[in-house]
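Okay, so here's the structure we're looking at.
Remember, it's 1-based here, ligands and their atoms both numbered in the order they're listed.
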Amino acid sequence: MVMELAASEAPPRRVSILGATGSVGCSTLDLIARNPAAYEVEALTAYRNVDLLAEQARRLGARLAVIGDPDRYADLKAALAGSDVEAAAGEVALVEAADRPADWVMAAIVGAAGLRPTLAAVGRGAIVALANKECLVCAGELMLEQVRRSGATLLPVDSEHNAIFQVFDFDRPEAVERIILTASGGPFLHFDRAAMAGVTPAQAIDHPNWEMGVKISVDSATMMNKGLELIEAAYLFPVDGGQIEILIHPQSVVHSAVAYRDGSVLAQLGAPDMRTPIAYTLGWPARIETPAPRLDLAAVGRLDFQAPDTELFPAIRLARQALQTGGAAPTILNAANEVAVEAFLAGGIGFLDIAGVVEETLQRLAQSPVGCLDEVDQADADARRMASHLVAGVRPAAGRQA
Ligand code: NAD
Ligand code: MG
């Protein structure tokens with residue numbers, strides 16, 4: 001009884017959501033809206049979707065709403081007229097939003113565009129729920145150094161990393177033999193290379209188990225998502241790349257596992273609903289209620305596993321090599337992939353060209369070190385330039401549809 005009273009009287013957690021209008025952002029706001037007394041919303045950000053951002057900010061009583069695209073500032077101002085929500089726009093304002101004094105920040109911008117805002121939240125020592133895996137891939141060392149300096153708490157939102165976080169014995173890392181990163185295999189798990197060559201963007205973003213933004217959906221189809229997650233895991237957990245195994249598990253029920261030296265394997269399971277890992281970080285260290293479907297193993301019936309085919313999905317091999325090479329290689333991999341995915345979605349290159357562009361960009365660029373943010377920016381910009389050049393040189397395949 002005393003405990004319950006104490007919990008209900010706990011001051012509300014002040015939160016900011018970067019990338020509020022995306023798939024992870026909306027799931028986060030869904031949880032917050034279910035228990036409004038427990039949270040105060042400081043800042044919400046989006047890139048272009050003014051209408052949704054303004055609606056979210058009004059509904060949740062946010063103090064600040066930031067739109068990334070500066071051309072949409074007037075629209076945002078107009079959409080927030082008559083409310084108490086402050087409006088701002090542009091890249092600098094995104095960083096300022098992350099700098100606002102929220103206890104908890106959801107980093108759910110997609111791509112390297114989220115790097116500076118995420119670093120700002122980390123830099124002031126906040127609890128950072130990290131969905132934006134690209135910023136860790138592109139600047140992992142810098143991010144971890146910032147975490148050490150500021151004392152920030154980094155909580156992984158990615159379902160696999162959240163699973164590992166829940167079962168990893170951080171007090172005895174030497175007892176860990178390996179991490180088993182599960183992967184659904186995406187929509188083309190049973191395709192051969194010839195069939196993959198002709199797939200359309202619509203087919204690629206139609207994920208069998210998860211509803212996600214378009215970029216991560218394409219990454220799941222090429223399995224570059226698992227490659228990025230391999231690098232993400234190597235930064236988040238005290239293991240090296242060789243200790244991280246990737247295992248195909250089409251049902252997405254076992255979200256990942258940790259194998260210990262005594263032969264024990266500890267896994268976290270759940271229905272594939274991002275509100276579970278998001279809630280783990282939102283309530284942390286407490287566990288909070290979610291409306292996510294409960295796992296019914298009898299209904300699931302069977303769980304399948306198989307080793308990944310890296311011939312069919314070269315992105316996994318490229319990511320592993322980039323991790324091994326280190327320096328700018330992961331930054332280059334990520335930037336080239338962002339360019340290639342965008343080109344594929346726009347109908348400019350074929351599905352198989354995505355990994356091709358990434359591989360060639362990695363081969364053509366020198367692997368410089370990335371010890372500071374300027375060096376990360378340089379490697380990222382060089383890779384984008386090279387990948388765009390390669391994309392422009394890809395001859396459209398006959399009959400390809402956008
Ligand atoms: P999404 O495309 O649905 O949303 C992206 C958000 O970022 C939107 O709010 C958008 O407005 C904002 N944004 C996009 N470009 C921006 C820019 N240049 N500047 C500022 N803001 C920008 O993506 P998502 O599926 O929600 O994924 C977000 C991140 O979380 C990604 O890094 C993804 O890999 C990761 N993630 C997502 C899921 C999922 O289930 N969706 C699961 C694990 C990890
Ligand atoms: Mg994941």
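No side-chain N or O of Asn162 forms a donor-acceptor pair with one of Gln268 less than 3.5 Å apart. In summary, the side chains of Asn49 and Thr21 do not present any donor paired with an acceptor at a separation below 3.5 Å, with no hydrogens or angles considered.
When heavy-atom distances to ligand 1 are checked against 4.0 Å, the residues falling inside are Gly19, Ala20, Thr21, Gly22, Ser23, Val24, Ala46, Tyr47, Leu94, Ala108, Ile109, Val110, Ala113, Ala131, Asn132, Lys133, Glu134, Asp158, Met212, Gly213, Ile216, Met274, ordered by chain and number.
Checking Arg275, Arg294, Arg34 one by one against Glu289, the salt bridge (Lys or Arg N to Asp or Glu O under 4.0 Å) holds for a single residue, Arg294.
Sequence neighbours left out, the pairs with a member in residues 285-341 that pass ring pair (Phe, Tyr, Trp, His ring centres under 6.0 Å) are His249-Phe305. Annotation: side chain to side chain donor-acceptor pair (under 3.5 Å) contacts involving residues 124-135, sequence neighbours excluded, comprise Asn132-Glu134, Lys133-Asp158, Lys133-Asn225, Lys133-Glu229, Glu134-Lys215.
More than 12 heavy atoms of other shown residues, nucleotides or ligands fall within 6.0 angstrom of atom CD in Glu174.
Protein atoms that are N, O or S and lie under 2.8 Å from the Mg ion (ligand 2) are these: Asp158 OD1, Glu160 OE1, Glu229 OE2.
Checked for salt-bridge contact, Arg317 and Glu359 meet the test: a charged N lies under 4.0 Å from a carboxylate O.
Summarising the geometry of Gly241 relative to Leu323, their closest heavy-atom pair is CA-CD2, 3.7 Å, with the distance given to 0.1 Å.
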Exercise for the section: In sequence, state the C-alpha distance, the side-chain angles, and the governing distance for Arg384 and Glu338, and then conclude on salt bridge (charged side-chain N to carboxylate O under 4.0 Å, His left out). Expected result: CA-CA 8 Å; Arg384 278 171 206 272; Glu338 287 192 28; 3.2 Å; yes
